[in-house]
Every structure is written in structure tokens, then in C-alpha cells.
Amino acid sequence: MDCQTSAAKASASPYDLLFQALALIPVFHYFLAAFFIFLIFLYNFFEIHFLHDFLTLFRGDHVTLTYNSRSVLCQSVLSRCQILHERYSVTPWLSSPHLQTAFLSFFGSAPPVTYRRHLFHATDGGTIALDWLTFFDVVEGPSRMIDSSAAIKGAKTPIVIVIPGLTSDSASAYVKHLAFKVARKGWNVVVSNHRGLGGVSLTSDCCYNAGWTEDVRKIIDHIHCEYPEAPLYAVGTSIGANILVKYLGEDGTNSPLVGAATICSPWDLLICDRFINRRPVQKIYDRVLTVGLQGYAQLHQSILSHLADWDSIEKSRSVRDFDNHATRILGKFETVDTYYRRSSSTNYVQNVSVPLLCINALDDPVCTSEAIPWDECRANENIILATTTHGGHLAFYEGITASSLWWVKAVREFFGVLSTTPFIKERQEMQGSTVPNPLQSSIDQGPYVNVMGDGMVAAMGNEPIDTLLEDISNEHMIQSKKDEDTVPERGRSVELTDKLYSEKDILQQAEQNAKDLIVPVQGRIDKLSRRSRQSIWLLAYIAIITTWPFVGSVLLSVLKRRFRK
């Protein structure tokens with residue numbers, strides 16, 4: 001019998017023996033193993049970093065600062081901003097960018113805030129809701145005053161203008177956190193809601209988008225005119241951050257702002273569009289944002305249904321689809337990529353002339369770190385780029401109770417340091433100077449679209465040189481005319497001197513100035529044309545030598561003499 005049993009075992013399949021051994025393991029152990037594997041999957045899928053935080057005793061990570069080392073302003077400000085030199089430690093039970101972002105959107109508890117509303121009417125008929133919050137509103141509660149402008153008229157208290165993100169308004173949790181903290185410090189806060197948000201209906205055919213800076217410009221100018229002695233600051237979040245940076249780059253030193261901050265800016269919309277459709281977890285955010293945009297469109301269906309294809313808007317399954325069927329058409333852009341390319345703030349970073357603090361999280365699940373313009377920020381002497389390893393999108397929760405946002409404290413300290421520096425007076429003296437022309441790439445030239453003065457977009461080509469010369473001559477004539485009008489106010493002696501100059505002399509001087517401007521431009525054009533001819537000869541030589549090597553060697557000596565000339 002023993003021999004037969006041993007022979008049967010020897011003839012049995014090894015897989016049968018394996019299955020028999022696995023059958024001896026209790027079923028409960030299999031459930032534990034499956035649950036453990038599922039936890040590992042969730043840990044990687046949601047990018048949880050609790051184990052890393054636990055092994056480092058929840059000390060957090062240092063904030064990485066990118067700035068121009070030769071900038072006296074950046075060094076002076078950073079030497080007094082202690083929070084930027086400390087570590088940022090994430091809330092232990094929110095050790096994931098997705099958990100932080102979801103908690104902010106669905107469970108984030110915000111401090112009690114009661115705004116004072118002021119409606120601003122744009123020249124095109126649009127209505128923008130401005131929600132004010134002052135120190136007395138936070139400490140004593142809302143008073144009987146309806147209009148907040150009467151409460152702070154003529155005050156020198158600094159004002160912080162908040163530009164919310166996509167489909168966000170003054171009721172969002174992170175906006176309330178910022179408004180409450182800044183107002184409790186003693187400053188005034190005004191939240192500039194986008195058109196159609198904040199409980200205000202669309203009253204015109206114009207809607208906001210990621211590159212629409214006209215509303216921000218009008219709001220800032222309006223507040224500056226109402227309170228000319230109050231220093232103005234601005235904070236942009238997400239899409240609002242992109243709009244703010246684009247506005248600062250467009251206006252340059254003409255902006256009345258003395259300081260600004262951006263939180264989780266997308267920077268390059270093309271890169272963020274590719275990123276949000278790359279992984280399954282990012283596609284969830286894409287779908288959530290699309291639902292939010294469709295909800296915004298649903299609120300204003302009576303207007304949007306006449307301006308765009310409403311059926312396609314309802315069928316949109318991604319942000320790109322919504323932008324293709326709605327945003328692109330309302331903004332009069334040719335394609336979605338044209339809209340993304342022209343609206344990206346990374347093209348305007350080099351012209352920012354206001355002290356700007358940019359905060360981004362490297363694990364942001366919506367605005368990828370791949371779009372951050374590191375070199376452009378480092379080259380600008382007015383920009384401080386602060387990046388953290390963790391933080392999510394607009395969250396940056398800290399503390400065991402997750403009751404505060406780290407970036408709110410950083411912005412408040414940054415503005416506080418700026419308010420005590422002599423830069424504010426220098427900024428007020430520089431206001432009104434010439435705005436530097438933004439650098440444009442060749443891809444933005446005709447026959448692509450061109451951004452007009454009112455923010456709309458129209459297709460056109462490059463302007464001829466004659467038109468440019470005519471504009472230059474007209475500018476000189478207008479300036480000469482202004483000088484001529486202001487001279488009689490200086491006295492009779494100046495009037496006698498002014499009569500010696502005839503209008504013909506003024507026109508001749510203007511033409512001479514225009515010629516002085518044309519000469520260097522013409523010299524550059526001549527150099528480019530000569531280089532183009534050299535390139536043509538070089539291409540011809542390459543084509544000949546690859547086809548007929550013997551003929552190419554003969555032409556080599558001829559081309560060398562031509563290149564020497």
C-alpha cells in the first residue's frame with residue numbers, strides 16, 4: 001500500500017498538489033490579502049504619502065523659492081517673510097493631494113463671513129458683483145449700511161482684490177478663508193465675482209474666460225479712482241491667477257497695484273489640457289469641472305442658447321469639449337488651441353512689474369507643475385515663486401484639525417511685509433509710465449487671430465510698415481500739439497518764444513524723429529535679408545552636393561568668397 005500511495009503521488013500533477021495546499025489556507029486569509037492589495041492600489045492611485053510623513057515625524061518639507069538672486073526687492077522681502085523659510089506640514093489625515101482637494105470642495109469648513117454687495121456695471125452692459133468685507137464686519141458683524149463704499153470712502157486702509165477660480169465666487173470656502181484672515185488683520189477685502197456668478201445674472205452677451213482681463217482692469221481702475229489713497233493688492237486663485245498674471249503682464253507699470261499673489265495658477269493652458277486627460281484620476285477632475293461649467297451655462301441658458309450650440313454644450317464630456325462649443329465661440333477664437341495659447345499667462349510673465357508671489361504645489365492634480373515657467377520667473381526681478389511638495393489644488397491644509405490654509409497665511413505675511421517697505425511710494429511714482437510691449441512668438445502672427453483692444457479676438461494679418469510709420473508720425477504730432485497747448489500757461493515770455501516756432505518746424509521735427517526711429521529698424525531688416533540670402537545659398541549648396549558631389553566641391557570655393565563678402 002505504501003508503494004502504491006507513493007506512486008500515485010509521483011504521478012499527480014504539481015498543480016494539483018498546489019491547489020490542494022491552497023485549499024488548506026483559510027478563506028479569511030484570502031480576504032485579508034485582497035484587502036491589503038486593494039489598500040496598496042488606493043495608496044498609489046490617490047498618491048497618499050502618509051508613510052513618508054510618518055517616517056519623517058510629520059515635519060513636512062521645505063518651501064522651494066525661485067527668484068532673481070540679483071533682485072534687491074526679492075531679497076528684502078524674503079528676509080522678512082518667515083513662513084516662506086519654514087516647513088509646510090500637511091494635515092496627517094489628509095496626506096494626499098486628492099484628499100485635500102476633495103475635502104476643500106465638499107467638507108471644507110469656512111469661517112462665518114457676511115459681505116456687503118456693490119454692483120458694478122460695465123460699459124458693455126455687463127454686471128459684476130463686488131462683495132466687500134471690512135475689519136468692522138468681522139469684529140462687530142454687518143452694520144445697517146447697505147453700500148460698503150460709504151464705510152471706507154477716503155480711507156487709506158489697504159484693499160485686497162480677490163479674483164476667484166473657475167465657477168467659483170465669494171461663497172467658496174477658500175475665498176472665505178482668505179477674506180476673513182485678511183479682514184481680521186485690519187485690511188479691506190473685495191471679491192470680484194466673475195460675470196454670471198455670485199447670484200448675478202448675465203446682462204450682456206459677454207462672458208468671462210481664462211484670458212479675459214478687461215473686467216479685472218476695469219474693477220481695479222474703478223476701486224483706485226474711488227479710493228486713490230488706499231494701496232491696492234490683488235490675489236488670484238486657479239483661473240483667476242492666470243487672469244491676474246496676464247493682466248499684470250499686459251499693463252506693466254501702468255497697473256495701480258502695489259502687490260499681488262497667485263495661488264495654483266495653470267500658467268500654460270495647453271499643457272494643463274493635456275495633463276488633465278492623461279491619467280484616470282485626472283479625468284475625474286476633468287469631468288467634475290465640466291459639470292460645473294455646464295451648471296454655469298444652465299443658469300444663463302436664455303442668453304447662451306442664442307450665442308452657441310446649446311445641444312453640444314449639454315453633450316460636452318470634458319472641459320475641452322465645453323471650450324470648443326461655448327468658450328471659443330463666445331470669445332471669438334478660431335480654435336480651442338488658439339484660445340488656450342493666447343490666454344496662457346506664461347506669455348506675459350516677463351512684463352510683470354509688480355511684486356508678485358506665486359504659490360504652486362508640485363502635486364496639484366489640476367494645474368500640473370510641468371506648466372510652471374521656472375526660467376521666466378527667475379529672470380523677472382519682481383517675482384517670487386514658492387513651490388511646495390504637497391498641497392493639492394487650493395487646499396494646503398495644515399494642523400491636526402485642518403482649520404487653516406497655509407497659503408492664506410503666506411499671502412497675508414507677504415502683503416504685510418510689502419506694506420512696510422518703501423516700494424509702495426516708488427510704485428505710486430512709477431504709475432502712468434509706458435507699458436513695455438510683450439514679446440510675441442511667430443506662431444501668434446497672421447493669419448492667426450489678433451487680440452483687439454476690447455479683449456475680443458478677430459482674424460487679421462500683419463500690419464504694413466507704412467501704417468506703422470503713419471502711427472509714429474501721428475503720435476509725434478499729437479505730442480507736439482499737447483506741448484503747444486500747455487506752453488501759453490507759462491506766461492507771456494513763453495508765448496513770445498513759442499511764436500518763433502511755426503507749425504512747419506514742428507512737423508519737420510516730427511518727421512525727423514520718425515526717421516530716427518526708422519533707421520535702426522531698417523538696418524535690422526537689411527541684416528535679416530542678407531542672412532536670408534546666405535541661408536538660401538547654403539540650402540542650394542546642400543541640395544547640389546547631395547545630388548552631384550563633384551559639382552558641389554567645385555561650388556565650394558565660390559560660396560566661400562560670397563560668405564566672406
Side-chain angles (χ1 to χ4, degrees), residues 122 124 126 163 165-168 194-197 202 204-216 238-243 245-247 250 265-278 282-283 285-348 366-367 371 440-441 443-461:
D124 60 354
I163 308 172
L166 187 68
T167 66
S168 298
H194 299 292
R195 297 191 182 205
L197 292 173
L202 286 176
S204 67
D205 295 343
C206 182
C207 297
Y208 81 99
N209 56 55
W212 177 255
T213 59
E214 192 63 25
D215 286 347
V216 174
S238 191
I239 290 297
N242 185 83
I243 296 174
V245 175
K246 187 173 182 288
Y247 157 76
E250 290 174 347
S265 174
W267 297 105
D268 195 318
L269 301 180
L270 273 174
I271 296 179
C272 289
D273 175 62
R274 305 297 190 270
F275 171 78
I276 206 170
N277 291 282
R278 184 182 303 171
Q282 265 72 44
K283 292 182 179 180
Y285 290 97
D286 188 20
R287 184 56 186 160
V288 171
L289 293 174
T290 305
V291 173
L293 290 172
Q294 289 175 333
Y296 168 81
Q298 190 71 32
L299 293 175
H300 313 289
Q301 180 180 0
S302 58
I303 295 178
L304 298 181
S305 59
H306 299 290
L307 302 176
D309 187 0
W310 183 254
D311 294 335
S312 299
I313 293 176
E314 290 183 327
K315 296 178 181 179
S316 298
R317 291 294 177 266
S318 64
V319 176
R320 185 179 181 86
D321 290 342
F322 184 89
D323 290 337
N324 183 39
H325 300 304
T327 310
R328 176 187 65 85
I329 298 176
L330 296 175
K332 295 181 173 60
F333 293 96
E334 291 183 342
T335 63
V336 180
D337 286 346
T338 303
Y339 160 61
Y340 289 156
R341 184 178 65 251
R342 285 197 168 273
S343 300
S344 297
S345 60
T346 185
N347 304 321
Y348 301 85
V366 178
C367 301
Q440 296 181 357
S441 60
I443 195 172
D444 291 333
Q445 299 179 1
Y448 294 97
V449 297
N450 180 47
V451 178
M452 309 301 294
D454 56 354
M456 308 308 289
V457 180
M460 63 179 299

**Message:** Ignoring hydrogens, what is the shortest heavy-atom contact between S312 and S316? Give both atom names and the distance.
**Reply:** O-OG, 2.9 Å

**Item:** Between CG on residue L270 and OH on residue Y340, distance to nearest 0.5 Å
**Value:** 8.0 Å

**Message:** Let's go through Q301 and I313 carefully: what are the C-alpha distance in whole Å and the side-chain angles of both, what is the deciding distance for side-chain contact (heavy atoms from CB on, under 4.5 Å) to 0.1 Å, and is it a yes or a no?
**Reply:** CA-CA 10 Å; Q301 180 180 0; I313 293 176; over 6 Å; no

**Request:** State, with a plain yes or no, whether a side-chain heavy atom of H194 is found less than 4.5 Å away from one of L197.
**Result:** yes

**Asked** What orientation do Y296 and Y208 show, parallel under 30°, tilted 30 to 60°, or perpendicular over 60°?
**Response** perpendicular

**Message:** Quick check for you: to the nearest 0.5 Å, what is the distance between L269 atom CG and R274 atom CZ?
**Reply:** 11.0 Å

**Request:** Report the C-alpha separation of T346 and D268 in whole Å, then their side-chain angles, then the decisive distance to 0.1 Å, and conclude whether the side chain to side chain donor-acceptor pair (under 3.5 Å) test is met.
**Result:** CA-CA 6 Å; T346 185; D268 195 318; 5.4 Å; no

**Request:** Kindly determine whether F322 and L289 satisfy side-chain contact (heavy atoms from CB on, under 4.5 Å), including the steps that lead there.
**Result:** CA-CA 10 Å; F322 184 89; L289 293 174; over 6 Å; no

**Heavy-atom closest pair, residues N242 and S343** = ND2-O, 2.8 Å

**Prompt:** Is S168 close to S238 at the side-chain level, that is, under 4.5 Å between some pair of heavy atoms?
**Reply:** no

**Prompt:** When rounded to the nearest 0.5 angstrom, what is the spacing between CG in D124 and CD in E214?
**Reply:** 8.5 Å

**Message:** Donor-acceptor pair, distance only, cut-off 3.5 Å: does the side chain of N347 make one with the backbone of R341?
**Reply:** yes

**Asked** Heavy-atom distance under 4.5 Å between the side chains of I276 and K283, does that happen here?
**Response** no

**Asked** Mind checking whether C207 and L202 have side chains closer than 4.5 Å, heavy atoms only?
**Response** yes

**Asked** Hey, are the side chains of V319 and D273 touching, using non-hydrogen atoms and a 4.5 Å cut-off?
**Response** no

**Message:** Does Y339 form a side chain to side chain donor-acceptor pair (under 3.5 Å) with N324? I'd like the steps, not just the answer.
**Reply:** CA-CA 9 Å; Y339 160 61; N324 183 39; over 6 Å; no

**Message:** Keeping H325 on the side-chain end and W310 on the backbone end, is there a donor-acceptor pair under 3.5 Å?
**Reply:** no

**Request:** State, to 0.1 Å, how close A371 and P266 come at their nearest heavy-atom pair, and which atoms those are.
**Result:** CB-O, 3.4 Å

**Complete:** Between R342 and Y348 the two heavy atoms that sit nearest each other are O-OH, 3.9 Å

**Request:** For the pair R320 and V336, evaluate side-chain contact (heavy atoms from CB on, under 4.5 Å) and give the outcome as yes or no after the intermediate values.
**Result:** CA-CA 7 Å; R320 185 179 181 86; V336 180; 4.0 Å; yes

**Request:** Mind checking the CG-CG spacing from L304 to L330? Nearest 0.5 Å is all I need.
**Result:** 6.0 Å

**Message:** I need the E314 CD to Q294 CD distance, nearest 0.5 Å.
**Reply:** 8.0 Å

**Message:** Could you check whether D321 and S318, counting side-chain N and O atoms only, form a donor-acceptor pair closer than 3.5 Å?
**Reply:** yes

**Item:** Test salt bridge (charged side-chain N to carboxylate O under 4.0 Å, His left out) applied to D337 and R328, step by step
**Value:** CA-CA 9 Å; D337 286 346; R328 176 187 65 85; over 6 Å; no

**Request:** Using modelled atom types only, decide if a donor and an acceptor are shared between the side chain of D286 and the backbone of Q282 within a distance under 3.5 Å.
**Result:** no

**Asked** To the nearest 0.5 Å, what is the distance between SG (C206) and CH2 (W212)?
**Response** 3.5 Å

**Item:** Taking every non-hydrogen atom, the tightest pair across F275 and V366
**Value:** CD2-O, 3.8 Å

**Message:** So N209 and F333, do their side chains get closer than 4.5 Å, heavy atoms only?
**Reply:** yes

**Message:** I'd like to know whether R195 forms a side chain to side chain donor-acceptor pair (under 3.5 Å) with S204, so could you lay out the CA-CA distance, the side-chain angles of the two residues, the decisive distance to 0.1 Å, and finally the verdict.
**Reply:** CA-CA 9 Å; R195 297 191 182 205; S204 67; 3.1 Å; yes

**Message:** Within the structure provided, determine whether I329 and L307 are in side-chain contact (heavy-atom separation under 4.5 Å).
**Reply:** no

**Asked** Passes side-chain contact (heavy atoms from CB on, under 4.5 Å), S345 versus S265? Steps please.
**Response** CA-CA 9 Å; S345 60; S265 174; 4.0 Å; yes

**Request:** Of all the heavy-atom pairs spanning A210 and I239, show the shortest one and how long it is.
**Result:** CA-CG2, 3.8 Å

